[in-house]
Each structure stands twice: as structure tokens, then as C-alpha cells.
Amino acid sequence: MTGKTPPPGERIAKVIARAGRASRREAERLIEAGRVSVNGKAIDSPALNVTPSDKVVVNGTPLGDAGPPRLWLYHKPSGLVTTTRDEQGRATIYDDLPADMPRVMSVGRLDLNSEGLLLLTNDGGIKRRLELPSTGWLRRYRVRINGQPEDATFEPLRKGLEVDGTRFQPMVVTLDRQQGANAWVTVGLREGKNREIRRAMDDLGLKVNRLIRISYGPFQLGQLKRGAVEEVRPRVLRDQLGLESGTKSDEPPRKRVRRRR
């Protein structure tokens, strides 16, 4: 029995996401709302493959060339949610980003009360690649906890533990210093389950009162000021992700973008 030959091209939501116009889920919602057309005809289902020869229009604007993939480092302040919109009306990172930033997606998330390094990209393929556990990049955090733990206190985290039915993989934990009633530790992990560090510390009877991501794989927060954005050099991005050369090798020095006032 011979199966049906799949139609040529790729799913339209995937193509829209790769172009940086919306996440795949957002693209599906736009399609269902009738805000996407293909070759002049509005569509209402994402179950459609398109090829480069098809003319795709999203919200009245042709999809066009997605342009080269880009990546930015952003120092997320505490008190912002990492979504395009929030049902509770809370401020989002997109309210804080510079007005001249192109449409970007976050690589993973930092919760409302967490701060530090957040990667932003205009390319859905890069977003998915960097979020995959198989990428294996270590994410490092500076964590302030209330209490006076000893190094041995964190041994369960180093071995891996289960909290409320969720298994957390072994973490790299270093006790840095005691500062009054609080202790600072550095935590490294290779996956990012929801509120993983906070939940793991709670399981040890320790309360996290500050959490700062300081690195994501080879990308470092460094001296980037709170609320500031800095683009990664195209050459560095290509080298780190193994991308094919599609931009000039003599790109100008990266520049920092002032945060929105």
C-alpha cells in the first residue's frame, strides 16, 4: 500500500514563524482569525503548505524575505513578564524594549520576579534550536536565598531530585558567600523547567529572594545594564550556531541600544 505524497513546501505557520512575524502558535491564531492570505485568498486553517513561489500576506503586509537571522542580549529587569501580552495587564518585556527594535521572540523565558540575561531573536528556527534540551548549553544563575546553608545542603540538587512529580536533572551548585541573613549561590542547569530553581530550593526549605541569569551557553550578561539590549555580531552568531555565512564578514561593531524611557 502506497501512502500519499505530502504536498511540497512547509506548513504556513512555520514559514511565518521563521520570518519572525509571529510565533507558530500566534501565526495559527492569525490564520484562524482570517488575517493571513495566500496568493490573494484569505485562509482560515493552518493545514496548508506553502513554497517560496507563494505570496503570503500577514496583517496586510507581504511576508517577504525574512532577512538574516539575528540575536540580541537583553538584560531583563525584575517585574516584567516574558510574553507579548498579559491577561492580567502586567507590563511585558515588549513594553520595555527600544521602539526601533524589529519584531523579536524570546528564547525561553524568565519569570516575573527573575532578571538578567534573556536572548531575543527574529528567527523562529534559532529560537527552537536554542530552547531544545539537546542543545546542552549550560545556563548559569546568581541566586540569593534566605538562610545560612552549608555546601552539603545543596547535594540533593547536584544529584537531581523530584518535586511534586517533576524530575529535575542534576544542577551545578556553588556556595559563594554569606551576606547577613542571605546566602549567594551560583547555579548551573541544562534545562529550564518552569520555576525550576525556585521550586528546587523550596524543596530544601530555602526561599529564593533574588534570581539573576548571568549566562546562556556562550552568551554572557557581563556589564550589560538593566533594560539594555545588545546585538550579537553576525560572525559570532554563525560560529556559535554553525550557520552558513549569509552576511558580510566585515560587519560593523555591535552597538548597545538605549532602553526605552
Side-chain angles (χ1 to χ4, degrees), residues 71-83 93 106-121 126-230 232 236 239-241:
L71 187 73
W72 291 263
L73 314 180
Y74 168 55
H75 188 157
K76 175 194 174 294
S78 177
L80 300 178
V81 293
T82 312
T83 55
I93 62 169
S106 68
V107 176
R109 296 188 177 188
L110 286 174
D111 64 40
L112 176 70
N113 296 316
S114 297
E115 56 193 290
L117 181 63
L118 187 64
L119 301 182
L120 306 171
T121 181
I126 286 181
K127 170 181 166 67
R128 288 190 296 278
R129 185 189 303 193
L130 296 185
E131 289 177 344
L132 286 174
S134 58
T135 302
W137 276 351
L138 188 71
R139 307 165 197 185
R140 295 173 61 244
Y141 301 78
R142 289 273 287 149
V143 185
R144 189 178 68 190
I145 52 179
N146 184 250
Q148 297 183 329
E150 298 179 351
D151 185 72
T153 304
F154 304 105
E155 202 56 33
L157 303 188
R158 297 176 180 129
K159 294 179 178 178
L161 77 167
E162 185 172 307
V163 179
D164 297 329
T166 301
R167 182 70 184 177
F168 294 146
Q169 296 300 314
M171 304 178 188
V172 180
V173 186
T174 303
L175 177 59
D176 297 324
R177 60 190 170 92
Q178 189 72 36
Q179 187 178 46
N182 297 309
W184 281 95
V185 298
T186 300
V187 178
L189 48 83
R190 297 186 185 277
E191 61 178 1
K193 291 187 171 72
N194 185 38
R195 297 174 59 83
E196 181 170 350
I197 294 175
R198 295 181 190 275
R199 293 166 64 193
M201 291 294 182
D202 280 343
D203 195 65
L204 300 183
L206 300 169
K207 183 68 174 178
V208 173
N209 52 39
R210 193 173 183 191
L211 191 150
I212 310 165
R213 183 192 281 161
I214 57 175
S215 68
Y216 194 114
F219 304 108
Q220 308 287 322
L221 180 64
Q223 300 301 310
L224 192 64
K225 295 184 181 300
R226 185 178 289 108
V229 180
E230 181 176 282
V232 175
V236 173
D239 290 346
Q240 293 298 340
L241 300 186

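Just so you know, these numbers use all the heavy atoms, side chains as well, and skip hydrogens, waters and symmetry mates. Residue numbers run from 1 in the order of the sequence given. Owing to the predicted nature of the structure, the values given are computational and were not obtained by experimental measurement.
Residues Phe168 and Leu189 fail the side-chain proximity criterion, which asks for heavy atoms closer than 4.5 Å. For the pair Asn194 and Arg109, the minimum side-chain heavy-atom distance is 4.5 Å or more. Side-chain contact between Glu162 and Asp203 is absent, with no heavy-atom pair separated by less than 4.5 Å. By the 4.5 Å heavy-atom criterion applied to side chains, Met201 and Val185 are counted as neighbours. When side chains are defined from C-beta on, Pro149 counts as touching Gln178, because their heavy atoms get closer than 4.5 Å. Between Pro218 and Trp137, the closest side-chain pair of non-hydrogen atoms falls below 4.5 Å. Between Asp202 and Lys207 there is a side-chain heavy-atom pair separated by less than 4.5 Å. When side chains are defined from C-beta on, Val172 does not count as touching Val187, because their heavy atoms never get closer than 4.5 Å.
The two residues Gly108 and Leu118 come nearest to each other via the heavy atoms O-CD1, 4.1 Å. For the pair Gln220 and Ser215, the tightest heavy-atom approach, listed with the atom from each and the gap, is OE1-CB, 3.5 Å. Listed here is the closest heavy atom pair of Arg139 and Glu191: NH1-C, 3.9 Å. Of all heavy-atom pairs between Ile93 and Ser106, the closest is CD1-CB, 4.5 Å. Across all their heavy atoms, Phe219 and Val236 have their closest contact at CE2-CG1, 4.4 Å. Minimum interatomic distance between Ala181 and Asn146 (heavy atoms only, all atoms of both residues): O-ND2, 3.4 Å.
Between Asp111 and Arg198 a salt bridge is recorded (basic side-chain N to carboxylate O distance below 4.0 Å). Arg158 and Glu155 are joined by a salt bridge, as a carboxylate oxygen and a charged side-chain nitrogen come within less than 4.0 angstrom of each other.
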Working note: Asn113 + Val208, criterion side chain to side chain contact (heavy atoms under 4.5 Å, CB included); need CA distance, chi angles, decisive distance, verdict. CA-CA 10 Å; Asn113 296 316; Val208 173; over 6 Å; no
Given side chain to side chain contact (heavy atoms under 4.5 Å, CB included), test Lys76 with Arg213 step by step and report yes or no. CA-CA 9 Å; Lys76 175 194 174 294; Arg213 183 192 281 161; over 6 Å; no
Would you please test Gln240 and Leu71 for side chain to side chain contact (heavy atoms under 4.5 Å, CB included) and show each step? CA-CA 11 Å; Gln240 293 298 340; Leu71 187 73; over 6 Å; no
Could you go through Arg210 and Glu115, starting from their C-alpha distance and side-chain angles, then the distance that decides it, and tell me whether this counts as side chain to side chain contact (heavy atoms under 4.5 Å, CB included)? CA-CA 8 Å; Arg210 193 173 183 191; Glu115 56 193 290; 3.0 Å; yes
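Atom CG of Leu132 sits about 8.5 Å away from atom CG of Leu130, to the nearest 0.5 Å. Atom CG of Leu161 is separated from atom CD of Gln169 by 10.5 Å, given to the nearest 0.5 angstrom. Distance CG/Leu206 to OG1/Thr153: 6.5 Å, rounded to 0.5 Å. We find the OG1-CG distance between Thr186 and Asp176 to be 3.5 Å, quoted to the nearest 0.5 Å. Within the model, atoms CG of Leu204 and CZ of Arg199 stand 13.5 Å from one another, a figure rounded to the nearest 0.5 Å. Considering CG of Leu110 and OH of Tyr216, their distance stands at 10.0 Å, rounded to 0.5 Å.
When Ile212, Val107, Leu221 are each tested for a side-chain contact (heavy atoms from CB on, under 4.5 Å) with Leu117, only one passes: Leu221.
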